[in-house]
Amino acid sequence: MAKSKARAGAPSGAAISTSYNAPQGAGGETHQIAGANVPTLTTQQGVPVADDQNSLRAGHRSPTLLEDFHLREKLFHFDHERIPERVVHARGYGAHGFFEVTDPLSDVTRADVFQRKGERTPAFVRFSTVAGSKGSVDLARDVRGFAVKIYTKEGNWDLVGNNIPVFFIQDAIKFPVLVHSVKPEPDRGFPQAQSAHTNFWDFISLTPESMHMIMWVMSDRAIPRSFRFMEGFGVHTFRFLDKKDRSTFVKFHWKPKLGMQSVAWNEAVKINGADPDFHRRDLWDSITTGNFPEWELGVQLFDQKFADRFAFDVLDPTKLIPEEELPVRIVGRLVLDRMVDNFFAETEQVAFCTQNVPPGIDFSNDPLLQGRNFSYLDTQIKRLGGPNFTHLPINAPKCPFAHFQQDGHMAMRNPVGRVNYEPNSWGDQGGPRENPVTGTRSFADEDTGPKQRVRSESFSDHYSQARQFFISQTAIEQKHIADALVFELSKVERPDVRARVVSHLLNIDNDLAGAVADGLGIDPPTPAVAAKPTNRKLAASDALSILKNGPESFKGRKVGVLLTDGADASLYAALDAAAKKEGATLEVIAPKIVGATLSDGTLIPARQKIDGGPSVLYDSVVLLLSDKGAEILKTHAPAKDFVNDAFTHCKFIGYTASALPLFEAVALADKLDGGCLAFDGKRDTEVFVKLCRDLRFWDREPGTKARDESAPPKGEPKGARKPRK
Ligand code: HDE
C-alpha cells in the first residue's frame with residue numbers, strides 16, 4: 001500500500017509527500033538521520049538495506065557480483081514497471097468524486113443509485129484523448145473520453161462515454177481498422193496523436209457513416225479548453241428497467257456547470273509546446289485548490305413509440321436525438337473533489353468495462369455497444385495481466401460481493417472454507433446463492449431474425465444529421481470547421497483522398513464544401529453517391545453549438561497578469577478582488593520567477609517567468625506594467641508574443657497606459673479595439689472581468705461577420721468602452 005507522508009526537515013518548510021511501499025498502518029523500523037526519524041529502507045522481502053548507492057563487487061574496480069540480490073531485485077522490478085498502455089485512450093487523467101441524485105428516477109428504473117434524492121455515491125472519472133500514446137500532448141485535435149465509474153450499492157456502473165455524442169462507425173467490426181487508420185502509420189511510426197494524415201482521411205473518405213462524427217471532430221469540441229468545460233455523453237441508447245422489468249430507453253448526458261469552452265486551433269498548437277500537460281494541470285490545480293469541477297447528469301427518456309416515429313434508428317450510434325425534440329431531464333450531479341494518491345495505481349490501473357451495469361440498467365441492441373461489451377473485459381485481461389483486476393482497490397466494488405470465482409494470476413484475496421461451488425448441500429455454511437428478487441435481469445427482447453451479416457436499412461442515412469450539426473453552429477464555429485478540414489486535408493498526401501472528402505461535404509453543405517475546396521485550391525468534385533439523399537429540412541438544434549450556450553460568468557477561468565517591478569499596487573489588488581468575486585483566478589507572469597515588486601513595495605511572486613508563461617495558457621490577459629518595465633519588455637520576444645498572441649486569439653486584454661510601448665512594438669497600438677480595455681482606475685478592473693464573460697472578442701477574428709448575430713453574447717456589460725490611448 002503506497003503511503004504519502006510529510007517528511008520532517010523538508011527544505012522549503014512546506015510538507016513534502018513521499019511515495020513508498022509499506023504495509024498498511026504498520027509502524028515499521030525507523031532510525032534517525034540528520035535529525036529526522038525515517039523508516040528503514042528494505043527489500044521487497046523486508047530485509048533492511050545498508051547501502052542503496054553501490055552495488056556489490058569483489059573489489060574496488062572488479063565486476064559486479066551476481067549474488068547482489070538487492071541490485072537484482074531493484075532492477076528486476078524497475079524493468080517491469082510498465083504495463084501495456086491502452087490501445088486507444090492511452091493518455092488519460094483521473095479524479096475521484098461523487099454522484100448525487102437530485103431528481104430520483106424510481107418511476108423508470110429500479111437501479112438503486114437513482115432512488116433517493118440527495119444520496120451520494122462514490123465515483124471515479126478518467127478523461128482521455130483517443131489516438132495518442134501515453135506521453136502525447138493534451139491538446140491534440142481528438143475526441144475526449146469521459147469514462148465514469150460509479151461504485152453503487154448494487155455493483156459498479158461504468159458509463160464509458162465521450163465528449164461527443166455520436167461515433168465514427170456503426171458496427172464494432174470496423175473499430176480495429178478505424179483505430180489503425182488514425183494511429184501512427186505502421187511503416188514510419190508517425191504522426192503521433194494526429195488525425196491529420198493520409199491513412200486516416202483515406203479510411204474516412206471511404207466510410208460515409210463517419211461524416212456526422214467528422215463534423216464534430218473538426219469542430220471546436222475536439223480542442224476543449226479543459227476537461228472542466230466539456231460535455232460528456234453515453235453515446236449509445238441504453239435501457240432503464242423498472243421493478244417489473246418494463247423498459248424505457250435512455251441516453252445519458254453530462255453537462256459542465258462552468259459551461260462549454262474551447263481553445264482556438266492556433267492556440268492548441270502552441271499550448272502543446274508550452275504545456276503538453278495543460279489539461280492535466282488544469283484538473284489538478286482546480287481540484288487541489290478546492291474549485292471542484294461539476295457536471296449535471298441529464299437523461300433523455302423515451303419509449304418504443306418515440307423510437308418508431310423518430311427520423312433515425314435509435315440503435316444507430318452515428319445519430320443523436322436533438323434536445324429540442326426530446327428534452328434532457330437533469331437527475332443528478334457529479335462532483336470531482338479528490339485527486340488520486342498515485343497515478344499508476346488508480347488512473348493507469350482503472351479498468352472500465354461497458355458491461356458493468358447494476359440491476360435496472362440494461363443494453364440496447366446498438367451493434368457498437370454489443371461489440372464493446374466483449375472488448376472492454378478482454379482488453380483488461382491483456383492490460384492488467386489476468387482475471388483478478390477487480391481485486392485492485394480502484395476496480396473493486398465498494399458494496400458487499402460474494403462469488404465462487406477463484407485463483408488465477410495475482411489473486412489477492414484469501415478465500416476460507418471448504419465449499420467453492422453451488423448448488424451445494426451445505427446449507428448456511430454453503431456460501432452465496434442466486435437471488436431472483438434482487439438479482440440483475442435483462443430486458444426480454446424478442447427481436448430475432450435470420451442469421452446474417454447485415455447493416456440495417458434504417459442505418460443508411462449518413463449525411464442528414466451531419467448537415468443538422470453544421471447548420472446549428474454559429475458562423476464563427478462553421479468557419480472553424482472549414483478551417484480544420486482544410487488544415488487536416490492539407491496534410492493528406494493523396495489528392496484523390498482530399499477530393500473524395502470534399503465530395504462527401506457536398507452532401508452536407510455546399511458552402512462548407514466550397515470553402516474547403518477553395519482552401520485546398522481544388523475545384524469542387526461531384527457529390528459522393530449517397531445511400532440515402534440528405535434530408536435538408538432538419539431544423540437547426542441550438543444545443544449543438546458551443547457559442548450559443550456560452551457561460552454566464554467568467555467563473556473557473558484564468559487571467560494571466562503580466563507584471564513588472566513598479567506596477568500599480570492598487571490596480572493589482574483591485575483586479576485580484578474583481579477576479580476572486582467572479583470565481584476566476586489570477587496567474588502572475590513576470591520577467592523573473594521571483595516575481596515583481598509593486599509600487600507600494602509588495603513582492604508578488606510569479607507563477608511563470610515570461611518565457612514559460614505564454615498568453616495561450618490564459619483565458620484573458622492583463623498588462624500591468626510600469627514605464628520602465630514596458631521599456632524593457634518591448635524588445636523581449638516572449639513578451640511581444642504574449643501580447644500578439646493574446647490579440648490574435650481574440651482575448652480580452654486589460655492594460656495600463658504604460659503598456660502602450662509593448663503594443664507599439666508589435667504594431668498593435670493603432671488596432672486596439674473593444675476587446676482591449678485601458679485601466680484608468682480601480683473600477684475598470686471590474687468592468688474588465690465582466691467583459692471577460694464573453695470569453696473572446698470575436699469581432700477580431702478575420703473572415704467572420706463582425707458579431708455573429710445568431711449567437712448574442714451573454715453578459716456583455718453595459719459599461720464596456722472603447723479604450724483610450
Ligand atoms: Fe472504447 N475502448 N471502444 N469507445 N473507450 C477502450 O478499453 C472499443 C467506443 C472509450 O479511461 C479500450 O480499457 C471498441 C465508443 C473510453 O480507461 C478498448 C469500440 C466510446 C475509453 C475499447 C469502442 C468509447 C475506451 C481500450 C467499438 C464512447 C477509455 C482500453 C465497438 C461511447 C476508458 C480500455 C478509460 C477504451 C474498445 C468504441 C469510449 C480497446 C471495440 C463508441 C472513454 O476496450
Side-chain angles (χ1 to χ4, degrees), residues 83-96 123-134 142-150 156 158-183 207 209-210 212-213 216-217 221-222 227 230-238 250-254 279-280 283 315-320 336 340 343-357 363-385 389-390 392 394-395:
I83 59 175
E85 68 172 35
R86 289 163 174 81
V87 58
V88 279
H89 296 266
R91 181 165 179 84
Y93 207 55
H96 294 273
F124 183 78
V125 178
R126 183 175 179 274
F127 301 108
S128 47
T129 49
V130 179
S133 63
K134 255 180 73 174
D142 201 352
V143 190
R144 298 298 182 289
F146 194 126
V148 185
K149 191 182 277 293
I150 304 184
N156 290 351
D158 292 355
L159 185 57
V160 197
N162 278 345
N163 75 331
I164 289 179
V166 290
F167 202 62
F168 291 100
I169 48 170
Q170 296 172 319
D171 190 315
I173 203 165
K174 293 171 87 98
F175 189 68
V177 286
L178 162 72
V179 174
H180 288 177
S181 80
V182 73
K183 286 268 184 182
T207 311
E209 72 206 60
S210 66
H212 187 194
M213 178 75 166
W216 284 80
V217 179
R221 299 260 180 172
F227 303 131
M230 61 185 205
E231 293 186 315
F233 303 90
V235 176
H236 314 280
T237 296
F238 289 84
V250 53
K251 281 192 174 275
F252 295 103
H253 298 243
W254 297 108
H279 285 165
R280 291 185 168 194
L283 198 65
L315 301 183
D316 175 354
T318 66
K319 305 295 182 300
L320 52 82
L336 297 182
V340 297
F343 180 85
F344 179 84
E346 297 166 85
T347 308
E348 195 59 11
Q349 293 199 117
V350 66
F352 292 95
C353 296
T354 51
Q355 78 275 15
N356 289 352
V357 289
F363 312 111
S364 71
N365 290 343
D366 175 339
L368 203 65
L369 177 58
Q370 300 277 323
R372 293 179 75 199
N373 286 345
F374 160 75
S375 179
Y376 287 69
L377 180 61
D378 187 49
T379 209
Q380 306 314 348
I381 293 166
K382 162 82 179 165
R383 217 165 57 76
L384 297 165
F389 61 87
T390 57
L392 298 169
I394 192 69
N395 295 322

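As the structure lists them, so they are numbered: ligands from 1, and atoms in each ligand from 1.
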**Student:** Would you verify whether the NZ or CZ of Lys149 falls within 45 degrees of the ring axis of Phe352 while also being under 6.0 Å from that six-membered ring's centre?
**Tutor:** yes
**Student:** Rounded at 0.5 Å granularity, tell me how far OG1 in Thr207 sits from CD1 in Ile169.
**Tutor:**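 Taking OG1 in Thr207 and CD1 in Ile169, the distance rounds to 9.0 Å.
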**Student:** Applying a heavy-atom cut-off of 4.0 Å, say which part of Leu368 lies close to ligand 1: side chain, backbone, both or neither.
**Tutor:**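 Under 4.0 Å from ligand 1, Leu368 contributes backbone and side-chain atoms.
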**Student:** Can you see whether Arg126 engages His89 through a side-chain donor-acceptor pair at a distance of less than 3.5 angstrom?
**Tutor:**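 No, no side-chain donor-acceptor pair sits under 3.5 Å.
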**Student:** Do the side-chain N and O atoms of Asn373 and Thr354 include a donor-acceptor pair separated by under 3.5 angstrom?
**Tutor:**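 Side chains of Asn373 and Thr354: pair found under 3.5 Å.
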**Student:** Show the atoms of ligand 1 that are less than 4.0 angstrom away from any heavy atom in Val87.
**Tutor:**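 Close to Val87: 40 (C).
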**Student:** Return the residue, atom name and 0.1 Å-rounded distance of the protein heavy atom closest to atom 17 (O) of ligand 1.
**Tutor:** Arg86 NE, 2.7 Å
**Student:** Any donor-acceptor pair under 3.5 Å linking the side chain of Lys183 with the backbone of Ala131?
**Tutor:** yes
**Student:** Against heavy atoms of Gln380, which atoms of ligand 1 measure under 4.0 Å?
**Tutor:** 13 (O), 34 (C)
**Student:** To check your reading of the model: name the closest protein heavy atom to atom 28 (C) of ligand 1, its residue, and the distance in Å.
**Tutor:** Asn162 ND2, 3.2 Å
**Student:** Could you pull out all residues at least two apart from Val143 that satisfy side-chain contact (heavy atoms from CB on, under 4.5 Å)?
**Tutor:**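 Val130, Asn162, Asn163, Ile164, Phe168, Met213, Val217.
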**Student:** Measuring centre to centre across the rings, with the benzene-like ring taken for any Trp, is Phe252 within less than 6.0 Å of Phe233?
**Tutor:**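 When the ring centroids of Phe252 and Phe233 are compared, they turn out to be at least 6.0 Å apart.
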**Student:** Would Arg126 count as being in polar contact with ligand 1, using the rule that some N or O on each side must be under 3.5 angstrom apart?
**Tutor:** yes
**Student:** I'd like to check which ligand 1 atoms, numbered from 1 as shown, lie under 4.0 Å from a non-hydrogen atom of Phe352.
**Tutor:** 11 (O), 17 (O), 33 (C), 35 (C)
**Student:** Does Gly161 reach ligand 1, in the sense of a heavy atom lying below 4.0 Å from it?
**Tutor:**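 Yes, Gly161 has heavy atoms under 4.0 Å from ligand 1.
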**Student:** Ignoring hydrogens and angles, tell me if any N or O in the side chain of Glu85 forms a donor-acceptor pair with the backbone of Lys134 under 3.5 Å.
**Tutor:** yes
**Student:** Using a distance threshold of 2.8 Å, what protein N/O/S atoms lie below it relative to atom 1 (Fe) of ligand 1?
**Tutor:** Tyr376 OH
**Student:** Which residue from Pro84, Gly92, Ser128, Ala172 reaches closest to atom 31 (C) of ligand 1 through any of its heavy atoms?
**Tutor:** Ala172
**Student:** At less than 4.0 angstrom from any non-hydrogen atom of Thr379, what atoms of ligand 1 do you find?
**Tutor:**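 Matching atoms, with element in brackets: 7 (O), 13 (O), 30 (C), 34 (C), 40 (C), 44 (O).
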**Student:** Under a 3.5 Å distance rule, please check whether Asp366 uses its side chain to pair with a backbone N or O of Leu368 as donor and acceptor.
**Tutor:** yes
**Student:** Could you tell me whether His236 and ligand 1 have an N or O pair separated by under 3.5 Å?
**Tutor:**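 No, no N or O pair falls under 3.5 Å.
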**Student:** Using atom types as modelled and distance alone, determine if a side-chain donor or acceptor of Arg280 lies under 3.5 Å from a backbone N or O of Gly92.
**Tutor:** yes
**Student:** Going from CG on Asp316 to NE2 on His212, what distance comes out if it is rounded to the nearest 0.5 angstrom?
**Tutor:** 10.5 Å
